[in-house]
Amino acid sequence: MPESVAPVPVDPRLAARFTEDLLDGCRVLAKDYGYRPAQFERMVREHGGVEAARLLLRGEGTAGGFTVLWEKNQLGRSSEATMLREEYIDLFTPDELLLARRRLEEHGFDVDAHLRGLAEPR
């Protein structure tokens with residue numbers, strides 16, 4: 001992944017909301033699907049959600065948890081999908097967002113449909 005010229009300044013409140021959304025996703029996965037992503041949860045708590053997402057993006061291939069989410073048809077709960085939500089895109093560089101999108105699309109996930117679904121009133 002190409003490095004950005006300058007790091008993205010992070011709004012601490014927005015970063016905290018991103019972290020909480022990732023942790024909420026962990027709780028839903030444990031409750032509804034019997035899958036507890038303990039290593040990911042630990043990483044998010046240790047580094048914060050933004051840095052944890054960046055670490056996963058820089059890793060080779062995909063994390064084991066990403067594969068489990070793919071198998072359970074729950075990629076919308078991945079850190080990559082969460083990064084692409086409108087409210088969080090300012091936390092990441094364009095290169096990071098592109099990599100997140102590509103990883104999801106390579107696994108057959110319709111990113112645009114997912115994001116449209118989030119934007120629709122419930």
Side-chain angles (χ1 to χ4, degrees):
M1 175 175 74
E3 289 298 317
S4 295
V5 177
V8 174
V10 175
D11 173 341
R13 289 176 300 226
L14 186 59
R17 264 198 347 253
F18 180 78
T19 296
E20 193 53 40
D21 272 354
L22 292 179
L23 293 173
D24 281 345
C26 291
R27 289 187 278 276
V28 169
L29 288 167
K31 180 178 175 271
D32 295 351
Y33 297 93
Y35 170 61
R36 182 162 181 255
Q39 185 176 0
F40 174 74
E41 192 174 343
R42 198 169 26 259
M43 179 185 265
V44 169
R45 290 185 190 284
E46 181 178 334
H47 299 284
V50 173
E51 187 58 25
R54 287 184 174 139
L55 288 169
L56 289 169
L57 281 176
R58 287 192 297 258
E60 291 294 316
T62 57
F66 186 92
T67 301
V68 172
L69 293 176
W70 175 71
E71 290 169 348
K72 294 182 178 293
N73 198 30
Q74 292 298 308
L75 285 178
R77 297 197 181 278
S78 68
S79 59
E80 291 84 354
T82 306
M83 290 171 62
L84 295 170
R85 288 171 44 181
E86 183 69 30
E87 64 261 43
Y88 297 129
I89 59 173
D90 290 339
L91 293 171
F92 302 97
T93 67
D95 285 344
E96 290 168 337
L97 295 170
L98 180 61
L99 184 55
R101 176 180 279 276
R102 279 189 188 151
R103 186 170 291 167
L104 290 163
E105 289 174 345
E106 286 171 357
H107 287 81
F109 186 75
D110 188 337
V111 173
D112 294 323
H114 173 71
L115 295 174
R116 278 192 307 273
L118 293 175
E120 294 173 359
R122 296 180 187 233

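- Contact of the V111 side chain with the E105 side chain is registered, since non-hydrogen atoms from C-beta on lie closer than 4.5 Å.
- Contact check for E80 versus F66: side-chain heavy atoms found under the 4.5 Å cut-off.
- The 12-atom threshold is exceeded at CD of E71, counting heavy atoms of other residues, nucleotides or ligands nearer than 6.0 Å.
- By the ring pair (Phe, Tyr, Trp, His ring centres under 6.0 Å) test, F40 is found to be paired with no residue, residues two or more places apart in sequence or in another chain being considered.
- Of all the heavy atoms in I89 and L97, the pair that sits closest is O-CD1, 3.7 Å.
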Test M83 against F18 for side-chain contact (heavy atoms from CB on, under 4.5 Å), laying out the working first.
CA-CA 8 Å; M83 290 171 62; F18 180 78; 3.9 Å; yes
Check the pair R103 / L57 against side-chain contact (heavy atoms from CB on, under 4.5 Å), numbers first and verdict last.
CA-CA 9 Å; R103 186 170 291 167; L57 281 176; 4.1 Å; yes
Donor-acceptor contacts under 3.5 Å from residues 27-34 side chains, at least two apart:
unit_1: R27; atom_1: NE; unit_2: D24; atom_2: OD1; d: 3.4
unit_1: R27; atom_1: NH2; unit_2: E20; atom_2: OE2; d: 2.5
unit_1: R27; atom_1: NH2; unit_2: D24; atom_2: OD1; d: 2.3
unit_1: Y33; atom_1: OH; unit_2: Q74; atom_2: NE2; d: 2.9

Before giving the answer on side-chain contact (heavy atoms from CB on, under 4.5 Å), spell out for L115 and R101 the whole-Å C-alpha distance, their side-chain angles and the decisive distance to 0.1 Å.
CA-CA 11 Å; L115 295 174; R101 176 180 279 276; 4.2 Å; yes
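- Taking a 6.0 Å sphere around CG of N73, one finds it holds 12 or fewer heavy atoms contributed by other residues, nucleotides or ligands.
- Residues L14 and L23 fall within the same hydrophobic cluster, defined by Ile, Leu, Val, Met, Phe, Trp and Tyr side chains chained together at heavy-atom separations under 4.5 Å.
- The closest side-chain heavy-atom distance from F92 to R54 is below 4.5 Å.
- For the residue pair V44 and L22, the shortest heavy atom distance occurs at CG2-CD1, 4.1 Å.
- To the nearest 0.5 Å, atoms CZ (R42) and NE2 (H47) are separated by 10.5 Å.
- Here E41 pairs with R45 in a salt bridge; the nearest charged N to carboxylate O distance falls below 4.0 Å.
- Tracing side-chain contacts under 4.5 Å through hydrophobic residues (I, L, V, M, F, W, Y), one reaches L118 starting from L104; they form part of the same cluster.
- Closest approach of A15 to V50, counting heavy atoms only: CB-CG2, 4.0 Å.
- Using a 4.5 Å cut-off on side-chain heavy atoms (C-beta onward), P37 and V68 make no contact.
- H114 is not listed as a side-chain neighbour of D110, based on a closest heavy-atom distance of 4.5 Å or more.
- Of all heavy-atom pairs spanning R17 and Y88, the tightest one is O-OH, 3.3 Å.
- Across all non-hydrogen atoms, the minimal contact from T19 to G48 is OG1-C, 3.8 Å.
- Heavy atoms only, all atoms of each residue included: S78 and A81 are closest at OG-N, 3.1 Å.
- In this structure, D90 CG and D11 CG are separated by 9.0 Å, a value rounded to the nearest 0.5 Å.
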